[in-house]
Trainee: 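First the structure, which I've put down as structure tokens, then a few questions once you've had a look.
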Amino acid sequence: MDVRAMGNRYLAQLSHPSVARAVHAHIITSGFHPFPLLLNRLIDHYCKSSNLPYARHLFDKIPKPDIVATTSLLSAYSASGNIQLAHRLFTAAPFTIRDTVSYNAMITAFSHSHDGHAALKLFTQMKRHGFVPDPFTFSSVLGALSLIAEEERHCQQLHCEVLKWGALAVPSVLNALMSSYVCCASSPLVDSSLLMAAARKLFDEAPASRDEPSWTTIIAGYVRNGDLAAARELLDGMTDHIAVAWNAMISGYVHRGFYEAAFDLSRRMHSLGIQQDEMPVKDLVSWNAILSGYVNARRIEEANSIFREMPERSLLTWTVMISGLAQSGFGEEGLKLFNQMKLERLEPCDYAYAGAVTSCAVLGSLDNGQQLHSQIIQLGHDSSLSVGNALITMYARCGLVEAADTVFLTMPYVDSVSWNAMIAALAQHGHGIQAIQLYEKMLKEDILPDRITFLTILSACSHAGLVKEGRHYFETMKSRYGITPEEDHYARLIDLLCRAGLFLEAKNVTESMSFEPGAPIWEALLAGCRIHGNMELGTQAAERLLKLIPQQDGTYITLSNMYATLGQWDEVARVRQLMRERGVKKEPGCSWVEVENMVHVFLVDDAVHPEVHAVYKYLEQLVQQMRKLGYVPDTKYVLHDMESEQKEYALSTHSEKLAVVYGIMKLPLGATIRVFKNLRICGDCHNAFKFISKVVEREIVVRDRKRFHHFRNGECSCGNYW
DNA sequence: ATAGGGTTAG
């Protein structure tokens, strides 16, 4: 059978790869030059199976290639990103064999290579040469316009063109035009709501040519441009549930920090899709949107079950889950999932590494953090912004401010998150002046401070007792940067003032606020009163807090501590009774220390750790040496009215003491002891560690719930101002 | 022979 006969027979089936291969093999062996139609089909086949060199080889065998073959090859070049070859092929073809289709293909090629200007220019040229645009032309050229539209008139010009050719009745053209307005609405040169109104007008006036993507385009458009309410209204008005539109809505809520709204939609989508089968959630993007809705609302338990339930998982799925766990404070679970991901032979991306590093920050696991850092460098992820920011936080939260600074200084790009993280690192470690200097440097480099920056800088001033500076920064926040102080900002200013004993000024600030003081304000007042023994205001603040947040154990503890300080044991009993009645449990004190890659956890009055008896023994010896240097146990930090000997015993069982002593026993001579505590460090422990640092001649770093304490040679970096 | 509109993270 000759090739012509074979070709004719199989022409219809040429799309089948094995048939194409058979024909191709026959051509090679017989040396036959196939007729044009067959050749075109073969070229098309090799284009689609991505064997471009061979497609080109066949193409070059044609003495006068026709427009069909040219267009096939052209789109293949375009799809493989080879815009130069595509353009050369197009320009080589004489005008006589160009047509609307080949122009469309070339316009698309430019659009795919993100050259919107070239695409528009070719569109103009095509009309000048008398070629008639069709709906394909418009959807292609409008796609290109979306890349570059900066002003309203850009969209309007093509809008007129579309009307002139009557192409608006085609859904894809309508949608592409709406998309152009939506994209243009994010340009800084336009009034976004005006452009969105234009898109909306198109949507409203074309009910006949509206399809699913039309709904999604306008909803996602509102989301992108920040009008979540308008998006939601449309979404709620839809009779059927379109998963893609819901995805956009959920991610919009997540992006703008409306985590509860995101969670609510995610839960409904999950329920509609899984239990009620009204919106079959089968694609991964929807699953990931649902997962992120759960994760960001800190519904970790439920997120975990979604994660397990998902029929398939992408890199994004794992990354969302890992960073979600880390940010919700589940460091151990975050690290575990990261390791599991690697076991399943998935290559973690930079965001996944950032999540793992954040897990180490939560745990205070320097060993794991450093190992990750070395892998990150080997993989080249150290140029990633999110990884760098996570590393700064990790080193800072593990007590190594210098290492955090090195990361900050060597990052190729930094953003305001990086600056904020580094300023916070300095602030947490008591380097208030350096924190302020870094903030001033940030301003000099024209980085605009945001609301987080001001939270950080205010607590830096507070930790370092820089009252004058704190007042000044609070003032400039509104006047210079137009950021309206929120309750958290006020709370930090009040914290600063109360720590300095300026209760009258704090009261004035409170009264100047445009809203009723809530829990953060009263907490700041209470903290200051505790330090200065201001019982009158302190009890007042605590009483308010007991009403506002009755479930918070800390208020009861602080209040009963204040009464204990005054020896008013009746009041202590009353507060404890109230706590019992309301079923509020005191979060048990818990400290941990890392020794040889293992985290050793101690509870208050620990009897669980296998070596705890040796720890108690060592502590007794230490206390004897400390007493010689003048250490006197401060029993006012014990709640119960016990005999004083018992009180001292109660003090020695604090978890941070046990962890520090364990570190001294186990870590190599001279190594810094790094201990972490879930609550604030106790006053007697704080005093004791000063003595211990002198006795054993080692540096002790303690991270408590609020900040760091560096004990060295009998002194603490916090200057007793915490 | 050509495309096309909508969704995914810190």
Side-chain angles (χ1 to χ4, degrees), chain A residues 40-41 43-44 47-48 65-76 78-79 90 97 99-109 111-112 134-144 146 167 170-180 182-183 199 203 209-221 223-224 242-252 254-255 269 281 283-293 295-296 314-324 326-327 349-355 357-358 384-390 393 415 417-418 421:
Chain A
N40 284 355
R41 297 298 291 263
I43 288 171
D44 193 45
C47 283
K48 293 212 164 80
D66 71 353
I67 198 158
V68 175
T70 310
T71 310
S72 274
L73 198 55
L74 192 155
S75 337
S78 156
F90 181 75
I97 69 153
D99 66 0
T100 297
V101 177
S102 64
Y103 270 102
N104 291 349
M106 194 60 227
I107 288 171
T108 308
S111 178
H112 281 324
D134 65 3
F136 284 68
T137 319
F138 283 112
S139 43
S140 304
V141 83
L142 284 166
S146 294
V170 178
S172 63
V173 175
L174 167 76
N175 298 337
L177 184 57
M178 286 202 301
S179 266
S180 298
V182 163
C183 289
F203 178 83
S209 39
R210 270 196 320 231
D211 59 3
E212 282 200 2
S214 320
W215 283 90
T216 314
T217 304
I218 190 72
I219 289 173
V223 167
R224 251 181 70 171
I242 298 172
V244 181
W246 284 55
N247 296 346
M249 197 72 236
I250 290 170
S251 73
V254 167
H255 186 72
M269 186 166 170
V281 178
D283 85 321
L284 194 49
V285 177
S286 300
W287 276 108
N288 286 342
I290 293 175
L291 184 71
S292 78
V295 162
N296 283 292
S314 63
L315 191 59
L316 185 90
T317 318
W318 288 85
T319 310
V320 166
M321 197 65 214
I322 290 166
S323 44
Q327 268 152 29
C349 62
D350 56 340
Y351 287 117
Y353 272 95
V357 170
T358 305
S384 156
L385 192 55
S386 49
V387 166
N389 293 344
T393 306
D415 62 1
V417 177
S418 328

Trainee: Report which part of the nucleic acid Asp99(A) touches: base, sugar-phosphate, or nothing (heavy-atom distance under 4.0 Å, all strands).
Mentor: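 It contacts base atoms.
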Trainee: Just checking, is any N or O donor in the side chain of Thr100(A) or Asp134(A) under 3.5 Å from an acceptor N or O on the other one?
Mentor: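 No, no side-chain donor-acceptor contact under 3.5 Å.
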Trainee: Indicate, with a heavy-atom threshold strictly under 4.0 Å, whether Asp350(A) touches base, sugar-phosphate, or nothing.
Mentor: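 The answer is nothing, as Asp350(A) stays clear of every strand by at least 4.0 Å.
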Trainee: Could you check if a side-chain atom of Thr317(A) sits within less than 4.5 angstrom of a side-chain atom of Met321(A), using non-hydrogen atoms only?
Mentor: no
Trainee: What are the 5'-most and 3'-most nucleotides of DNA chain B lying under 4.0 Å from any heavy atom of chain A?
Mentor: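 Listing 5' to 3', DNA chain B meets chain A from dA1(B) to dG10(B).
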Trainee: Over all strands shown, is Val285(A) touching base, sugar-phosphate only, or nothing at heavy-atom distances under 4.0 angstrom?
Mentor: base
Trainee: Indicate whether any N or O donor in one side chain lies under 3.5 Å from an N or O acceptor in the other, for Ser172(A) and Asn175(A).
Mentor: no
Trainee: Reckon Leu385(A) touches a base, only the sugar-phosphate, or nothing at all at heavy-atom distances under 4.0 Å?
Mentor: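 Base, at least one base atom sits under 4.0 Å.
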Trainee: Quick one: label Asn296(A) by what it contacts on the DNA or RNA (base, sugar-phosphate, nothing), any heavy atom closer than 4.0 Å.
Mentor: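 Sugar-phosphate contact only - Asn296(A) comes under 4.0 Å of backbone atoms but never of a base.
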Trainee: Under a plain distance cut-off of 3.5 Å, with no hydrogens placed, do Ser140(A) and Thr108(A) share a side-chain donor-acceptor pair?
Mentor: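 Yes.
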Trainee: Pick base, sugar-phosphate or nothing for Gln327(A), based on heavy-atom distances below 4.0 Å to the nucleic acid.
Mentor: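 Result for Gln327(A) = sugar-phosphate.
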Trainee: Name the one of Ile290(A), Val285(A), Leu284(A) that satisfies side-chain contact (heavy atoms from CB on, under 4.5 Å) with Asn288(A)?
Mentor: Leu284(A)
Trainee: With distance as the sole test, does Ser78(A) use its side chain to make a donor-acceptor pair with the main-chain N or O of Leu74(A) at under 3.5 Å?
Mentor: no
